[in-house]
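First the structure, then my questions, so here it is.
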4 protein chains.
Amino acid sequence: MAIDFAANENEDRDPGPRARGRKRDESRDAAILDATIDILVEVGFEKMTVDMVAARAKAGKGAVYRRWPSKTQMVLDAVAQMKRDVAHLGHLPDTGTLRGDMLALFEASSAGQGERFMQAIAALAALLAQQPQTADAGHEAMIEPWAEANRVLIARAIARGEATTAVDLEIVAQVIPSMGGYRSLIQRRPFDRPFLVGLLDNVLLPALGIGPDRPST
Amino acid sequence: MAIDFAANENEDRDPGPRARGRKRDESRDAAILDATIDILVEVGFEKMTVDMVAARAKAGKGAVYRRWPSKTQMVLDAVAQMKRDVAHLGHLPDTGTLRGDMLALFEASSAGQGERFMQAIAALAALLAQQPQTADAGHEAMIEPWAEANRVLIARAIARGEATTAVDLEIVAQVIPSMGGYRSLIQRRPFDRPFLVGLLDNVLLPALGIGPDRPST
Amino acid sequence: MAIDFAANENEDRDPGPRARGRKRDESRDAAILDATIDILVEVGFEKMTVDMVAARAKAGKGAVYRRWPSKTQMVLDAVAQMKRDVAHLGHLPDTGTLRGDMLALFEASSAGQGERFMQAIAALAALLAQQPQTADAGHEAMIEPWAEANRVLIARAIARGEATTAVDLEIVAQVIPSMGGYRSLIQRRPFDRPFLVGLLDNVLLPALGIGPDRPST
Amino acid sequence: MAIDFAANENEDRDPGPRARGRKRDESRDAAILDATIDILVEVGFEKMTVDMVAARAKAGKGAVYRRWPSKTQMVLDAVAQMKRDVAHLGHLPDTGTLRGDMLALFEASSAGQGERFMQAIAALAALLAQQPQTADAGHEAMIEPWAEANRVLIARAIARGEATTAVDLEIVAQVIPSMGGYRSLIQRRPFDRPFLVGLLDNVLLPALGIGPDRPST
DNA sequence: GCCTAACCGAGACGGTACGTCCGGTCTTTTT
DNA sequence: AAAAAGACCGGACGTACCGTCTCGGTTAGGC
């Protein structure tokens, strides 16, 4: 967890003997990234221009390119920033059943910026495959935190005897994030509650040996 | 099945009053599509330019745009052409067990141009998400035939009593294609035999109620 | 004479084995150069942008930079083109006296594009001194043809015994063009008839030993 | 004479109620102006950047813009500063002949920083024509003092009966400065002794009715 | 055996975004 | 309060690429 795309910006800097001159205005970072997400959601990655972003953020192009070497890196960082805002593991739901936990996790992330995040992710797909490293970065920012949450919830279910120990946790925890990612990014169909329920009841829970003693739905 | 992206080109043509003038040189189609795949694999969709493709095919840009209305459509058609070469459903394997069938299907499609095809698909991801319609088209060309094959094999397993009837065939048949697509397109990691075996033994077969009475592997 | 700034474009090209591909649209050259002069006169060299010129000429920036390597070269060529249009040596006036010839030459060049040409030259001064070679080029285009005309007229006056042979024709022929150039470019005051008459009667004619048996003025 | 571009900076300052805080470091003025001339001569006005000048002077841009409102004004001031060092009218030469006086004036101004000054002036031409007012200012600083010296020397020659009274002193006194300015600024060729001698013997002296009873040269 | 339309490779065309650079302003820390 | 350092906005430059159009030349029918 704790993905930090901006690490190169925030942490890798060698302050040198001393930090002289005017400080980077950190508020510009946020303003630019916010504008990036806005435009990304509105027009998509291809039709977004750096000038649009700079104008929306009331910034100059210089301020943009001082921070990121290219439009692509800027967008990746914008999405990573969003993810940092969105993913607050730790206060994971605990309803007593795996099925309940998974549904509660979905509800929780649908609230907040969840929707907007998914829109941004979808707009972003175009650039993920441009180069392997950006694809990795995007995956780390998007799917890994989600898989981590799944891993924790399933581990809990195993611990309380609800789920079988016969399967590889690592693989099973990837099922919902991967299929959700594919659905959002490639199929561009919504990752909604019915889709999640279908996956739970027909794939995940059966694979874990959890029978259909389901409540309402 | 039998996806044909080029249908519009090859079949929709209205011959008009009569076909006059020089005939279109059909060998140029193949040369251009081959060059497209070459470049796509080498540099990716974004860095590929139409001029590059034309030069590689020793063709002019006019010949390209006479055949396809845009770079995107040309690339989609190139990949569809590949798919046509690769996917020969109908003679699906029949080994007696679902596990054996799935592995045999994998081996079959790994032969031929399978590797190259996957590289092309991966390079292609960039454009899939650009517009919903191209995403749909790409999905239809890539994943649906694969899911269809899964559907047939699983239906056979249910018919012979190997697999449970308790789950939704439609959803279960999507698991391997979706996760494979996500792995190839977004993670850009190989969809190889170990990954397939992991999915089969930890997700698909348990979900279908098929126990681990596996042979060697 | 016969200054040709565009020589590099029009004559230096090695056609290679054959001239292939679409031909340069020569009308675009003229359209761009005309637009260049328009904008140059309207806003001056510094405030003129290449995009302005391209838009005015209904051209793309590509067409501009295919012809000239920089804004500076484009402007120099535009002025040279103008000069080519303006300077039609050969049909020099012949009034019987040097004074009459010089005044007639002035009247002739004041007609036509003369005025516009001088405006362009004035706007252009900014760039002449940027680099030695552009300064040379500008000088060749602007002043040399003028000096050549002076040389011819003065030589005629010497031939018919009107002017002394005691002075260096080369130097004397430079007086009016140089002082006119300085006045236009640096002082930015008009090179008008009173100024010319002052030079003739107080400098050029006395230096050539021609007395003040002047007509009206 | 006594042009002082820097007047606004050095004399117009209102000391206010009291001069508080750190005193302005007057040595920075000179350092910046020196650096300005250096860079101006090295790369010309257009390619010179304010950052270059500040770096060379080991100053910040703030120190520059606290003193001059723009790059243009700074450069004009730098050249005016030079001029102040160079032009010391009053002790004009007096050799008994106009020809001797003019040559002696040339020798005097060639000494000192004359050469460097001319280089700077040449580099400066670019900005002179940008706006009329800077052109005027430059002309006043450069050419007018020179013309004034010519005027005095020629008036003396007329007074002692060496030169004719038949011509307009004002116009004749402009000949050498104007042609010298044109040669330096536009042609970028040296205003050297042979050039001066050519002008004197073929234009100025004949125009003033002074015959070729020249000494050695 | 011509005529003519449609093809071919090559490459110029208009338009538009990218990433760089610089002028003039503002901010931070040090003197 | 002035100094050096350097980030800030705005906007022009020159490059690259998409999809269209034009050039000279070639390849078929149809006459």
Side-chain angles (χ1 to χ4, degrees), chain A residues 18-28 46-52 54-55 57-72, chain B residues 18-25 28 46-52 54-55 57-66 68-72 74, chain C residues 18-28 46-52 54-55 57-72, chain D residues 19-25 28 46-52 54-55 57-72 74:
Chain A
R18 233 170 319 175
R20 307 211 298 174
R22 178 173 175 175
K23 295 290 166 58
R24 284 270 177 93
D25 181 349
E26 313 249 349
S27 77
R28 307 319 293 133
E46 295 296 327
K47 291 184 180 171
M48 175 178 81
T49 74
V50 177
D51 283 294
M52 274 186 213
K58 289 192 180 303
K61 286 175 76 171
V64 173
Y65 282 99
R66 203 174 293 118
R67 289 169 166 77
W68 300 278
S70 69
K71 173 184 168 182
T72 296
Chain B
R18 230 168 324 171
R20 305 221 306 157
R22 177 175 172 175
K23 292 289 170 54
R24 201 174 274 186
D25 181 352
R28 310 314 296 131
E46 295 295 328
K47 291 186 178 170
M48 175 177 81
T49 73
V50 177
D51 284 293
M52 273 186 214
K58 289 194 180 303
K61 287 173 74 173
V64 172
Y65 282 98
R66 205 174 293 120
W68 300 276
S70 71
K71 173 184 167 182
T72 296
M74 177 185 71
Chain C
R18 236 172 317 174
R20 306 209 299 172
R22 179 173 174 175
K23 296 292 165 57
R24 286 270 177 92
D25 181 351
E26 312 249 349
S27 78
R28 309 316 297 133
E46 295 297 326
K47 291 185 181 170
M48 176 177 82
T49 75
V50 177
D51 282 296
M52 271 186 215
K58 290 192 178 304
K61 285 174 78 171
V64 173
Y65 282 99
R66 205 173 293 118
R67 289 170 167 76
W68 300 278
S70 70
K71 173 184 168 181
T72 296
Chain D
R20 307 212 307 153
R22 176 174 173 177
K23 293 285 165 51
R24 197 177 276 188
D25 181 351
R28 309 315 295 131
E46 294 297 328
K47 290 186 178 171
M48 175 178 82
T49 74
V50 177
D51 285 292
M52 273 187 214
K58 291 195 179 303
K61 286 172 74 172
V64 172
Y65 281 98
R66 205 172 295 115
R67 289 169 167 77
W68 300 277
S70 71
K71 172 184 169 182
T72 295
M74 177 185 70

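Just so it is clear, the values below take in all heavy atoms, side chains as well, and ignore hydrogens, waters and symmetry mates. Lettering follows sequence order; numbering is per chain, from 1. Computed from a predicted structure; not experimentally measured.
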Listed pairs, N/O of protein and of nucleotides 24-27 of chain E, under 3.5 Å:
| from | atom 1 | to | atom 2 | distance (Å) |
| --- | --- | --- | --- | --- |
| E:dG24 | OP2 | D:Y65 | OH | 2.9 |
| E:dG24 | OP2 | D:K71 | N | 3.0 |
| E:dG24 | N7 | D:K61 | NZ | 2.9 |
| E:dG24 | O6 | D:K61 | NZ | 2.9 |
| E:dC26 | O2 | A:R22 | NH1 | 2.8 |
| E:dT27 | O4' | A:R22 | NE | 3.3 |

**Asked** Taking CZ from A:R20 and C1' from E:dT31, how many angstroms apart are they, rounded to a whole number?
**Response**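 Rounded to the whole Å, the gap is 12 Å.
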
**Request:** Give the rounded distance in Å between these two atoms: CD of C:E26 and P of F:dC23.
**Result:** 12 Å

**Stepwise side-chain contact (heavy atoms from CB on, under 4.5 Å) check, C:M52 with C:K47** = CA-CA 10 Å; C:M52 271 186 215; C:K47 291 185 181 170; 5.6 Å; no

**Message:** Classify D:M74 by what it touches in the nucleic acid, base, sugar-phosphate, or nothing, heavy-atom distance under 4.0 Å.
**Reply:** nothing

**Pair A:R66-A:R28, side-chain contact (heavy atoms from CB on, under 4.5 Å): steps then yes or no** = CA-CA 11 Å; A:R66 203 174 293 118; A:R28 307 319 293 133; over 6 Å; no

**For atom CH2 of D:W68 and atom P of E:dG23, their distance in whole Å** = 15 Å

**Item:** 5' precedence on DNA chain F between D:G60 and A:A63 (nearest-nucleotide basis)
**Value:**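 Taking each residue's closest nucleotide, the earlier one in sequence belongs to D:G60.
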
**Asked** Of A:A57 and D:K58, whose closest DNA chain F nucleotide lies nearer the 5' terminus?
**Response**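 Residue closer to the 5' terminus by nearest nucleotide: D:K58.
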
**D:D51: salt bridge (Lys or Arg N to Asp or Glu O under 4.0 Å) partners, not counting sequence neighbours** =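 D:D51 satisfies salt bridge (Lys or Arg N to Asp or Glu O under 4.0 Å) with D:K61 once adjacent residues are dropped.
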
**Message:** Between C1' on E:dT16 and CE on A:M52, what's the gap in Å once rounded to a whole number?
**Reply:**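 Computing the A:M52:CE to E:dT16:C1' distance gives 11 Å.
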
**Item:** Distance, rounded to the nearest Å, where A:D25 contributes CG and F:dA7 contributes P
**Value:**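 For the pair A:D25 CG and F:dA7 P, the rounded distance is 12 Å.
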
**Asked** Using a cut-off of less than 4.0 Å, is there contact between a side-chain N or O of C:R24 and OP1 or OP2 of F:dT22?
**Response** no

**A:R67 side-chain N/O to F:dA7 phosphate OP1/OP2 under 4.0 Å** =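 Checking A:R67 against F:dA7: no side-chain N or O falls below 4.0 Å of OP1 or OP2.
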
**Message:** Without decimals, in angstroms, what is the distance between C:K47 NZ and E:dG23 P?
**Reply:** 16 Å

**Item:** Taking every non-hydrogen atom, the tightest pair across A:R67 and A:D25
**Value:**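 In terms of heavy atoms, the two residues are closest at NH2-O, 3.2 Å.
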
**Item:** 5' priority, DNA chain E, between C:A55 and D:T49 [closest heavy atom]
**Value:** C:A55

